[in-house]
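See below for the structure under consideration.
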Amino acid sequence: MTPQTILVCVAWPYANTPLHAGQIAGAYLPADIFARYHRMRGNRVLMVSGSDAHGTPITVRAEAEGTTPQAVFERNHASFVDTFARFGISFDLFTSTATVNHARVAQDMFTRLIEAGHIYTAEQTLLFDAKVGRFLPDRYVEGVCPRCGYDGARGDQCDNCGSTLDALELLQPRSKLSDATPEPRVSEHFFLRLSAFNEQLRTWVEAQTHWRPAVRNFTLGLLREGLHDRAITRDLDWGVPVPVPGFEGKRIYVWFEAVIGYLSASMEWAERAGDPEAWRAFWEAPDARAYYFQGKDNVPFHTTIWPAILMGYGGLNLPYDVPANQYVTMSGAKASSSRNWAVWMPDYLDRHDVDPLRYMLAAVMPETSDADFTWAEYVRRNNDELVATWGNLVHRVLTLTRRHFEACVPAPEGAPAPASTAMLARVDAAFVEAGRHIEAVQLRAALQTAFAVAQEANRYLDERAPWTAVRTDRAHAAETLATAIDVIAGLASLLRPFLPESCERAWRLVGQADAIESAGWTRRHVEAGTPLPEPAPLFTKLDDTLVEEEESRLGQSS
RNA sequence: GGCAGGGUAGCUCAGUGGUAGAGCAGGGGACUCAUAAGCCCUUGGUCGGCGGUUCAAAUCCGCCCCCUGCUACCA
């Protein structure tokens, strides 16, 4: 089979707070599992993302802290890089939108879209906060709702009556940044002619029948209503400068500029790899596929705006799939930075192992609906599933083999038992089935497929009872244990996209010295006579007191 | 309000026309290699509500209720 070319694009985290487990489950973990699988298959994979350095919330946060946007960005970017490294998110490049390269690529795209007539200028009346000297996004204006009189409506919407508002309509408006009364000012901005792409997008999306229903239907809904042209520049000083004379004080707006990061990061990767043209294989080859992993809040940007930009620019591949996840809630409530309602990744990684969380998040991955994270469920899944089903399988087989067969893989005599042949066939079938699930980005199902094999292997062992057979029929026990070791080697590969660290250890425990991925996406046969090291448990059983300790951290001000 | 997704066993969820499923929790049992793990059996559900189509509906249609998200200048 000829290798496929797979571009794995992952949402650009906003560099104003550290990452929490919900973001990991929404985009980074599924992307990583998907990329690791395709690499094991021998496919050509490029997985990129980076920190989104720009945008008003970063400047607001910098002011609140008495520091600079640059400092806020740098601190959180360093935190992201550290989290991904420790959590095993295997980016080929994790960069940022603060690079010279990114600014150049974004400006080039901006310029080319102007030349092609897809971007035009128009005047806009916006609210301006004279006290902080800044134009205000609608969300940063509060006031009295003109519909219901509620005092506390935001510039975009009234939470009391649900009306969609225009910030200019608010009575007694006040700036959330300074409490000043904002004043309307006229400013000239660039607009992306999204409306012109509406029908082209609709035809395209209708053909994407492999997309998740939530993503496709939602997008078709947007297109049915009709896209509006959007302003893509802002009166800010933090961001990528508008590359047009007379607009020196303005910046390209983040959502237009950040999605271009997928392309600029691919180019940066190619440059660093010493082959500056290497990105083209992922972006220009007709059979290359691009997958965009992210949370549901980012769907419109990846199914309408970014494709429209690509259509306008020309010559680059549109997304093949946008497997957006729903949200992971924390003990029933939406994750929130301000209320400290989240599992913060740097904290988690300081206190716990990586794979139990990767397992938990993959097992409840919110592929079709929101999923809930509780520490009780985390402990249960660790103890009942990782430790008891998979870890114990490895441990019982290896301790038994070590004790009775001189710490080497036993040599079976004669033809294998039908039950053993069936067991190995089950493992082989699981590679096909799990692979099919992963390629369809149904990762929960793929993990279940692998775990069903571990359960089956425990059943197989109980039926064959090698601990009894070893006293009466040594050849029978030898054959069973040799088979079980092959099953473990297979499971180590099957589970490795999900649990890279512990699968690496399992691989060593069955006497393998090479890299686990060199076996590819197949079961490796472990040769008779292979020496086995002293077995050590793959996972640690957790105490229930952990639940209380961790839950007490939720909602506390840190 | 509009749009989208979801509402199935105590919990977490699978199941898109043909006699309701899995894991965990609860109950019982045989075993003993293993981190008292694993294995077998079992209790448990008017599939959100009402109506309709059909020989047959968790599944298709209509209305309603509840949860989540989006609603375009937060990204």
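Below, chain A is the first sequence line, B the second, and so on; all start at residue 1.
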- prompt: Does OP1 or OP2 of B/rU68 have a side-chain N or O of A/Lys296 closer than 4.0 Å?
  reply: no
message: Counting only side-chain nitrogens and oxygens, does A/Arg381 get under 4.0 Å of the OP1 or OP2 atom of B/rG23?
response: no
message: Taking only the C1' atom of each, what is the distance from B/rA22 to B/rU42 in whole angstrom?
response: 16 Å
message: Under 4.0 Å from OP1 or OP2 of B/rA25: is there any side-chain N or O of A/Arg380 that close?
response: no
message: Taking any heavy-atom pair under 4.0 Å as a contact, classify A/Leu538: base, sugar-phosphate, or nothing.
response: base
task: Sugar-phosphate atoms are those with a prime plus P, OP1 and OP2; base atoms are the rest. Using that split, label each nucleotide of nucleotides 2-10 of chain B B, S or - for protein heavy atoms under 4.0 Å, 5' to 3'.
output: --SSS----
Any A/Arg396 side-chain N or O less than 4.0 Å from OP1/OP2 of B/rA37: no
message: Just checking A/Phe301 against A/Tyr292, ring centres under 6.0 Å apart?
response: no
- prompt: Ignoring hydrogens and geometry, is there a side-chain-to-backbone donor-acceptor pair from A/Asn382 to A/Tyr378 under 3.5 Å?
  reply: no
- request: May I ask you to say what A/Val387 touches in the nucleic acid, namely base, sugar-phosphate or nothing, with a heavy-atom cut-off under 4.0 Å?
  value: base
- request: Cation-pi check, A/Arg61 to A/Phe73: give yes when NZ or CZ is under 6.0 Å from the six-membered ring centre and within 45° of the ring axis, no otherwise.
  value: no
- line: Winner on side-chain proximity to A/Gln455, out of B/rG69, B/rC39, B/rA34, is B/rC39
query: Pick one: which of A/Arg444, A/Gln442, A/Gln326 meets side chain to side chain contact (heavy atoms under 4.5 Å, CB included) with A/Thr368?
result: A/Arg444
field: Donor/acceptor link under 3.5 angstrom from A/Asn392 side chain onto base of B/rG38
entry: no
message: From C-beta outward on A/Asn458, which listed nucleotide comes closest to its side chain: B/rC13, B/rU35, B/rG38?
response: B/rG38
query: Base, sugar-phosphate, or nothing for A/Ala388, non-hydrogen atoms under 4.0 angstrom?
result: sugar-phosphate
query: Base, sugar-phosphate, or nothing for A/Leu227, non-hydrogen atoms under 4.0 angstrom?
result: base
query: Would you say a side-chain N or O of A/His395 is under 4.0 Å from OP1 or OP2 of B/rU35?
result: yes
